[in-house]
Chemist: 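Shown below is the structure under consideration.
We number each residue from 1, following the sequence as shown. Remember, it's 1-based here, ligands and their atoms both numbered in the order they're listed.
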Amino acid sequence: MHIQGMAAIITGGGSGLGAATARHLASAGAKVAVLDINMDQARGVAAEIGGIALECDVTSDLSAEAAIGQARTAHGPARISVCCAGISESRRMVDRNGPAPLAHHQRLVDVHLVGTYNICRLAAADMAACEPLPDTGERGVLINTASIAGFDGPAGAITYDAVKAAIAAMSLPMARELSRHAIRVMAIAPGIFKTPMAAGLRQDYIDEMTQAIPFPKRFGEPAEYARMVETILTTPMLNGETIRIDGGLRMT
Ligand SMILES: NC(=O)c1ccc[n+]([C@@H]2O[C@H](COP(=O)([O-])OP(=O)(O)OC[C@H]3O[C@@H](n4cnc5c(N)ncnc54)[C@H](O)[C@@H]3O)[C@@H](O)[C@H]2O)c1
């Protein structure tokens, strides 16, 4: 799919990987709607790129329906959906205070797994109602954000690892189901990227992780994630798969 002139919705677009994607797609000519729960950040990014900022809590059906409806009214139905909304908040299942509160597990499941599914179901319905594009025959592309944690299973983050594995696992069945609508589905599994989410990591963990990356020995730049989004959008044979971008890192 070419990007010029396409309507795009990006959840978590107010920060980090989503903000970099919003900037990159806007610079490639897309009409970008920045969906985020944090409106100050979303407005900042939207103002910078000439897009629109829309309040959206991805865990809520009503909030997501309203935001995607407003994006549709402003830009037409989105043919590009990129889900970057997320929280880290990892913790041990059992620590010295006893078992983790179940609400912690439920919150991560809600934001990552329910949130991604929620946006995909609404975006895909809009895409399915579009005409196929004349050059590639596609109607749209859904891109979700997993994590290498979903494959490598680092300790101390059971729920985060599990929801990221689930997001990766959704790519193939979603691509198969949506193939009759000519909609592609991909996930990106980043290693460790320089975003506000990673800013909370302890320095000794950062040093250890950086050393463990075969090459290049640095954290990923959000712009590198955004370029992967562009590659997926412009390469029709990419479908039903999850791509790791991690410099070869395997987490322990
Ligand atoms: N940064 C990394 O190293 C890294 C690595 C692997 C995967 N990821 C994943 O990439 C995605 C983006 O992470 P990031 O590093 O850009 O984080 P970030 O904290 O910079 O951005 C996340 C954005 O999501 C928004 N958000 C949170 N909850 C939301 C909700 N309920 N509804 C709508 N928006 C919500 C936040 O307001 C924020 O703007 C996340 O899913 C994260 O798990 C990040």
Chemist: Yes or no on salt bridge (Lys or Arg N to Asp or Glu O under 4.0 Å) for Lys164 and Asp152, after CA distance, side-chain angles and deciding distance?
Modeler: CA-CA 11 Å; Lys164 289 306 190 181; Asp152 297 353; over 6 Å; no
Chemist: Starting from atom 32 (N) of ligand 1, find the nearest protein heavy-atom neighbour and note its residue, name and distance.
Modeler: Val58 N, 3.0 Å
Chemist: Of the choices His112, Met197, Glu89, Met209, which has the non-hydrogen atom that lies closest to atom 17 (O) of ligand 1?
Modeler: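 Considering heavy atoms of His112, Met197, Glu89, Met209, the nearest to atom 17 (O) of ligand 1 sits in Met197.
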Chemist: Could you check whether any side-chain heavy atom of Asp161 comes within less than 4.5 Å of a side-chain heavy atom of Phe151, counting everything from C-beta outward?
Modeler: no
Chemist: I'd like to know if the side chain of Thr231 and the backbone of Arg227 have a donor-acceptor N/O pair within less than 3.5 Å.
Modeler: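 The answer is yes, because a donor-acceptor pair under 3.5 Å joins these two groups.
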Chemist: Can a non-hydrogen atom of Gly115 be found less than 4.0 Å from any atom of ligand 1?
Modeler: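 Contact check Gly115 vs ligand 1: negative.
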Chemist: Could you identify the single nearest non-hydrogen protein atom to atom 2 (C) of ligand 1 and state the distance to 0.1 Å?
Modeler: Phe193 N, 3.6 Å
Chemist: Counting from 1, what ligand 1 atoms have a heavy atom of Gly16 closer than 4.0 Å?
Modeler: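 Ligand 1 atoms under the 4.0 Å threshold to Gly16: 16 (O), 20 (O).
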Chemist: Tell me which protein heavy atom sits closest to atom 20 (O) of ligand 1, plus the residue, atom name and distance to 0.1 Å.
Modeler: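 Here the nearest protein heavy atom works out to Ser15 OG, 2.6 Å.
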Chemist: Sub-3.5 Å donor-acceptor pair from the side chain of Thr242 to the main-chain atoms of Ile188, do we have one?
Modeler: no
Chemist: Would you mind listing which atoms of ligand 1 come within a distance below 4.0 Å of any non-hydrogen atom of Asn38?
Modeler: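 Answer, ordered by atom number: 37 (O).
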Chemist: Measure the distance from atom 41 (O) of ligand 1 to every protein heavy atom, then report the residue, atom name and distance (to 0.1 Å) of the closest one.
Modeler: Lys164 NZ, 2.9 Å
Chemist: At a non-hydrogen distance cut-off of under 4.0 Å, which region of Cys56 contacts ligand 1 (side chain, backbone, both, or neither)?
Modeler: backbone
Chemist: Could you pull out, from Gly13, Ser90, Gly12, Gly86, the option with a heavy atom nearest to atom 27 (C) of ligand 1?
Modeler: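 Comparing heavy atoms across Gly13, Ser90, Gly12, Gly86, the nearest one to atom 27 (C) of ligand 1 lies in Gly86.
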Chemist: What is the minimum heavy-atom distance between Leu113 and Ala166, and which atoms define it?
Modeler: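 Smallest interatomic distance, heavy atoms only, reads CD1-CB, 3.7 Å.
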Chemist: Less than 4.0 angstrom from a charged side-chain N to a carboxylate O is my criterion; do Arg121 and Glu65 meet it?
Modeler: yes
Chemist: Assess whether salt bridge (Lys or Arg N to Asp or Glu O under 4.0 Å) is satisfied between Asp40 and Arg43, documenting all intermediate values.
Modeler: CA-CA 5 Å; Asp40 284 347; Arg43 281 196 199 96; 3.7 Å; yes
Chemist: Classify the contact between Gln41 and ligand 1 as side chain, backbone, both or neither, using a heavy-atom distance cut-off of under 4.0 Å.
Modeler: side chain
Chemist: Under 4.0 Å from ligand 1, counting heavy atoms only, is it the side chain of Thr195, its backbone, both or neither?
Modeler: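 Side chain only.
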Chemist: May I ask you to decide if Ile37's main-chain N or O and Asp57's side chain share a donor-acceptor pair within less than 3.5 Å?
Modeler: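 Answer holds: no.
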Chemist: Side-chain contact, heavy-atom cut-off 4.5 Å: Ile243 with Met228?
Modeler: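 A side-chain contact under 4.5 Å exists here.
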Chemist: For residues His112 and Tyr160, establish whether the separation of their ring centroids is below 6.0 Å.
Modeler: yes
Chemist: What residue and atom, counting heavy atoms only, is the protein's closest point to atom 8 (N) of ligand 1, and at what distance?
Modeler: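 Among all protein heavy atoms, the one nearest atom 8 (N) of ligand 1 is Tyr160 OH, 3.6 Å.
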Chemist: Please list the nearest protein heavy atom to atom 36 (C) of ligand 1 with its residue and the distance rounded to 0.1 Å.
Modeler: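 Of the protein heavy atoms, Asp36 OD1, 3.4 Å lies nearest.
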Chemist: Any nitrogen or oxygen of Thr59, side chain or backbone, less than 3.5 Å from one on ligand 1?
Modeler: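 No.
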Chemist: Classify the contact between Ala146 and ligand 1 as side chain, backbone, both or neither, using a heavy-atom distance cut-off of under 4.0 Å.
Modeler: backbone
Chemist: Please lay out, stage by stage, how Glu221 and Lys194 fare under the test salt bridge (Lys or Arg N to Asp or Glu O under 4.0 Å).
Modeler: CA-CA 6 Å; Glu221 296 291 342; Lys194 236 185 273 169; 2.6 Å; yes
Chemist: Would you kindly specify which portion of Phe219 sits under 4.0 Å from ligand 1, judged on non-hydrogen atoms: side chain, backbone, both or neither?
Modeler: neither
Chemist: So is there a nitrogen or oxygen of Ser147 less than 3.5 Å from a nitrogen or oxygen in ligand 1?
Modeler: no
Chemist: Among protein heavy atoms, which sits nearest to atom 31 (N) of ligand 1, and what does the distance come to when rounded to 0.1 Å?
Modeler: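 Minimum-distance protein heavy atom for atom 31 (N) of ligand 1 reads Asp57 OD1, 2.9 Å.
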Chemist: Which residue holds the protein heavy atom closest to atom 40 (C) of ligand 1, what is that atom called, and what is the gap in Å?
Modeler: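 The protein heavy atom lying closest is Cys84 O, 3.6 Å.
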Chemist: Name the residue from Ile80, Val82, Ile119 that meets the side-chain contact (heavy atoms from CB on, under 4.5 Å) definition with Ile9.
Modeler: Ile119
Chemist: Taking Glu138 first and then Arg184, would you say they form a salt bridge - that is, a charged N and a carboxylate O separated by under 4.0 Å?
Modeler: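 Result for this pair is yes, salt bridge flagged.
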Chemist: Thr145 to ligand 1: N or O pair under 3.5 Å?
Modeler: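 Checking ligand 1 against Thr145, no N or O pair falls under 3.5 Å apart.
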Chemist: Report yes if some N/O of Pro190 lies less than 3.5 Å from some N/O of ligand 1; otherwise report no.
Modeler: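 Min N/O separation from ligand 1 is not below 3.5 Å for Pro190.
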Chemist: Looking at ligand 1, would Gly191 count as a contact under a 4.0 Å heavy-atom criterion?
Modeler: yes
Chemist: Output yes when a side-chain donor or acceptor of Asp36 lies under 3.5 Å from a complementary backbone atom of Gly14, and no otherwise.
Modeler: yes
Chemist: Does an N or O anywhere in Leu35 fall below 3.5 Å from an N or O of ligand 1?
Modeler: no
